[in-house]
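Below, chain A is the first sequence line, B the second, and so on; all start at residue 1.
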There are 2 protein chains.
Amino acid sequence: MLAQEGTISKPGEQKDTATCEHISRMLSRICDKWTVLVIRALGRGPRRFNALRRDIGEISQKMLTQTLKELEENGLVSRTVTPVTPPQVEYALTELGKDFLRPVRALATWVAVHSDQITEARSVYAEARINV
Amino acid sequence: MLAQEGTISKPGEQKDTATCEHISRMLSRICDKWTVLVIRALGRGPRRFNALRRDIGEISQKMLTQTLKELEENGLVSRTVTPVTPPQVEYALTELGKDFLRPVRALATWVAVHSDQITEARSVYAEARINV
DNA sequence: CTGGATCCGCGCGGATACTG
DNA sequence: CAGTATCCGCGCGGATCCAG
């Protein structure tokens with residue numbers, strides 16, 4: 001897929017294109033709504049399943065399970081099971097996950113800082129649509 | 001929605017919860033696959049529609065149109081129409097968009113740097129699943 | 001060239017019920 | 001408590017056709 005056999009001008013650029021596609025795939029794998037929210041929630045410390053569920057609030061049990069499994073698969077989250085009754089499962093960020101927390105937080109804080117500008121832009125856009 | 005009327009312990013925390021939800025909504029609005037890819041593509045300079053389409057490569061016309069419209073609505077992208085035949089429409093990052101480029105790039109570069117670790121974690125995870 | 005409109009399949013994501 | 005399994009609606013997203 002994504003042949004794009006043309007435009008092989010320089011080896012440097014060609015490599016860039018390849019890595020670009022790789023990055024794109026990784027980005028689309030990681031950058032979805034739930035992933036970011038879960039990473040952020042786990043950034044405040046290790047949590048058990050339902051505690052995590054409450055922290056995020058709007059997430060369903062299914063999506064949380066699924067997202068956690070993906071994150072564990074990608075090596076960003078560790079899953080520790082304590083075999084007692086009732087069973088305890090604690091999720092925590094791995095070293096890789098903690099490292100990933102930085103760009104995620106950067107994104108979150110950016111949104112926090114500029115949310116007003118965005119909402120204003122939205123109202124401006126909505127108002128402009130009337131004058132058409 | 002998202003009532004959650006309990007747990008109003010301290011006004012500070014209560015405000016944090018409110019802003020947290022606000023941020024979450026913003027994040028889920030901005031952080032999807034296409035948005036990030038388009039922002040990144042526009043980060044390399046203003047582009048016209050099909051040029052942008054080629055740059056991203058894997059995006060369909062529908063999704064590009066849709067994503068661009070959302071980004072314009074959020075004030076991150078400007079749309080300049082030059083009324084000629086054939087019509088030219090140039091998309092560019094606004095100042096807000098350029099600013100947003102920073103955390104997005106941070107995310108992208110992080111993925112680029114750690115993609116190997118992620119792929120390795122995936123293979124480790126896959127291998128561990130066999131030993132069950 | 002820059003889209004809008006439409007059809008449609010598939011997967012996201014919620015709800016519910018059940019297991020250990 | 002921590003999930004798995006199932007059903008199901010709705011929206012994402014591709015494909016195609018058409019307009020300005």
Rounded to the nearest Å, what distance is computed from the CD atom of residue A:E90 to the C1' atom of nucleotide D:dG3? 17 Å

Could you state the CG-C1' distance from B:L64 to D:dG14, rounded to the nearest angstrom? 14 Å

Measuring from atom CG of A:L71 to atom CG of A:L42, what distance do you get when rounded to the nearest 0.5 angstrom? 8.0 Å

Length of the line joining A:E72:CD and D:dA2:P, which is rounded to integer Å: 15 Å

Mind calculating the distance between CG (B:L68) and C1' (C:dG4) to the nearest angstrom? 14 Å

With the side chain of A:R48 defined as its heavy atoms from C-beta on, choose the nearest nucleotide among D:dA2, D:dT4, D:dG13. D:dA2

Does the side chain of A:F49 reach to within under 4.5 Å of the side chain of A:L68, using non-hydrogen atoms? yes

Checking contacts here: which listed nucleotide (D:dG3, C:dG20, C:dG3) is nearest the side-chain heavy atoms of B:F49? C:dG3

Find which nucleotide of DNA chain C each of A:K33 and A:P87 is nearest to by heavy atoms, and output the residue with the more 5' nucleotide. A:K33

Minimum-distance nucleotide to A:Y91 side chain [options: D:dA2, D:dG3, D:dG14]: D:dG3

Of B:S60 and A:V89, the one whose closest nucleotide on DNA chain D sits nearer the 5' end is A:V89

With nearest nucleotides of DNA chain C determined for A:M63 and B:A51 from heavy-atom distances, which residue corresponds to the more 5′ nucleotide? B:A51

Between B:W34 and B:T67, what is the shortest heavy-atom contact and its length? CB-OG1, 3.4 Å

Rounded to whole Å, CD of A:Q61 lies from C1' of C:dC18 at a distance of 12 Å

Strictly below 4.0 Å, N to O, side chains only: are A:D32 and B:K33 in salt-bridge contact? no

Nearest whole angstrom, please: distance from the P of D:dC8 to the NZ of A:K62. 13 Å

Nearest-Å distance, CD1 (A:I59) to P (C:dG13)? 9 Å

Under 4.0 Å between any heavy atoms, over every strand shown, what does B:K69 touch: base, sugar-phosphate, or nothing? Just pick one. sugar-phosphate

In whole Å, I'd like the distance from the CD atom of A:Q66 to the P atom of C:dG11. 12 Å

Could you go step by step and tell me if B:E127 and B:S123 meet the side-chain hydrogen bond (donor to acceptor under 3.5 Å, both in side chains) rule? CA-CA 6 Å; B:E127 197 171 340; B:S123 65; 5.9 Å; no

